[in-house]
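Before any comments, here is the structure.
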Amino acid sequence: MNSLFANLPTTVFETMSRLAREHGAVNLGQGFPDDPGPEDVRAKAAEAVLNGWNQYPPMMGVPELRHAVARHYRDWQGLDLDAESEVMITSGATEAIAGALFALIEPGDEVVLFQPLYDAYLPLVQRAGGVPRLVGLSPPGWRITEEALERAFSARTRVVLFNNPHNPTGRVFDAEELELLARFVRRSNAVLVSDEVWEHVVFDGRRHVSVLALPGLRERAVKIGSAGKIFGMTGWKVGFVCAAPELMRALSKAHQFLTFTTPPSLQQAVAYGLGKEPEWFEAMRAGLQRSRDRLGQGLADLGYRVLPSAGTYFLNIDIGPLGATLDDEAFCRRLVAEGGVAAIPVSAFYAQEPVRSVVRFCFAKHDATLDSAISRLSAFIPAFVTA
Ligand code: GLN
């Protein structure tokens with residue numbers, strides 16, 4: 001067996017969802033919405049299953065979707081993408097990330113990653129032969145600093161695996177941080193692989209800025225998106241990869257032997273969905289922002305220190321100030337078993353020197369779910385504080 005995978009624990013998302021089922025807990029752990037997703041998009045998929053093409057679609061994706069992706073990013077992010085040579089459809093963003101790493105890394109190449117990091121990144125980098133170099137982000141600001149980049153980049157940096165908006169911190173990196181990162185990438189020989197799956201889930205009037213729009217990165221960056229996050233249907237696993245033609249040629253070689261294609265019915269439905277009127281996207285954000293505020297206020301009223309969330313489905317609390325004698329993992333285990341609420345310990349997103357006082361909650365839920373979580377948490381606090 002490959003020792004890397006044989007020795008990996010089961011992903012924290014699966015573990016916490018299982019514990020939530022076992023304890024009948026409200027599941028604010030794994031990030032998925034209560035809402036079933038837009039009915040018209042689901043109807044298109046059903047229609048395409050019944051009456052459409054169900055054999056292999058083209059390896060790069062159905063033309064309708066590749067064009068819809070190019071149009072969508074033109075309209076929303078000002079990008080100028082050629083659908084034929086610069087857009088590829090994958091089975092979710094995770095496949096896109098794995099494919100990009102396999103296609104770009106030679107064994108021994110250094111890969112810059114930002115910690116806390118989404119749990120799939122590190123094993124994929126290592127399996128591809130990459131040597132991880134971590135840029136630490138620290139709470140409560142989680143900012144990218146020049147000193148941290150200076151320490152992580154070297155002459156051997158081949159890939160930078162970036163994530164913006166950032167899971168699990170809920171940060172949207174600002175113009176100054178993006179410019180700093182772009183400067184380091186331009187000075188290096190690296191390709192910037194950017195996981196932008198949360199691009200539409202940004203709050204308080206923010207607009208997403210893709211790495212492809214940063215000066216000097218149009219030919220050096222790979223942008224990855226996901227219909228699952230845009231439409232709140234996380235099981236769909238329809239991802240988009242955008243990159244200049246030369247990079248795309250290598251990326252497509254990895255994709256052709258990872259999954260080769262993605263269900264054509266879902267691709268047709270996503271092509272339709274990406275063309276939905278801007279009001280739908282604005283309403284989706286506004287709804288999630290209300291949910292963020294509902295959960296955030298509820299947690300703050302209970303005395304928790306709530307960290308800001310500018311995007312994603314997530315907000316974090318810092319349990320340190322409560323005088324916790326428990327670390328985040330023990331807190332989450334007790335919360336799910338005794339308090340009946342599942343959350344994610346943010347230390348699970350660290351490769352080394354974890355921060356152990358931050359706990360992530362998913363707020364992409366109906367009001368009743370959030371209210372029930374808050375009321376359970378209010379009963380949990382006294383037991384927890386006196387423990
Ligand atoms: N992206 C989801 C989250 O952060 C988890 C996806 C998964 O369970 N693999 O909660």
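Both counts, for ligands and for their atoms, begin at 1 and track the order of listing. All values below were derived from every heavy atom in this structure, side-chain atoms included, with hydrogens, water molecules and symmetry-related copies excluded.
Nearest protein heavy-atom contact of atom 8 (O) of ligand 1 is Q30 NE2, 2.7 Å. At the top of the distance list for atom 6 (C) of ligand 1, counting protein heavy atoms only, stands Y118 OH, 3.1 Å.
For the pair K229 and Y313, the NZ or CZ position fails the cation-pi test of under 6.0 Å to the six-membered ring centre and within 45 degrees of the ring normal.
Between F203 and F363, the ring planes are tilted. Angles from 30° to 60° get that label. Below 30°, between 30° and 60°, or above 60°: for F114 and F162 the angle between ring planes is above 60°, a perpendicular geometry.
Note on ligand 1: F314 sits in its first shell, one or more heavy atoms being nearer than 4.0 Å. Judged by the shortest distance from any of its heavy atoms, N167 lies inside the 4.0 Å radius around the atoms of ligand 1. Contact annotation: E14 has no heavy atom less than 4.0 Å from any atom of ligand 1.
At least one N or O atom of G31, backbone or side chain, sits closer than 3.5 Å to an N or O atom of ligand 1. For ligand 1, none of its N or O atoms has an N or O atom of W198 under 3.5 Å away.
Residue R360 has at least one heavy-atom neighbour below 4.0 Å for each of these atoms of ligand 1: 3 (C), 4 (O), 10 (O).
Here M16 has no heavy atoms under 4.0 Å from ligand 1, in either its backbone or its side chain.
Between the CG atom in D80 and the OH atom in Y73 there is a gap of 15.0 Å [rounded to 0.5 Å].
Taking H166 as the reference, F173 meet the ring-ring contact (aromatic ring centres under 6.0 Å, His included) condition, with sequence neighbours excluded.
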>> Checking H72 against H67 for the ring pair (Phe, Tyr, Trp, His ring centres under 6.0 Å) test, could you report, in this order, the C-alpha distance in whole Å, the side-chain angles of both residues, the deciding distance, and whether it holds?
In response: CA-CA 8 Å; H72 187 81; H67 284 272; over 10 Å; no

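The pair E95-K237 does not count as a salt bridge, with every side-chain nitrogen at least 4.0 angstrom from each carboxylate oxygen.
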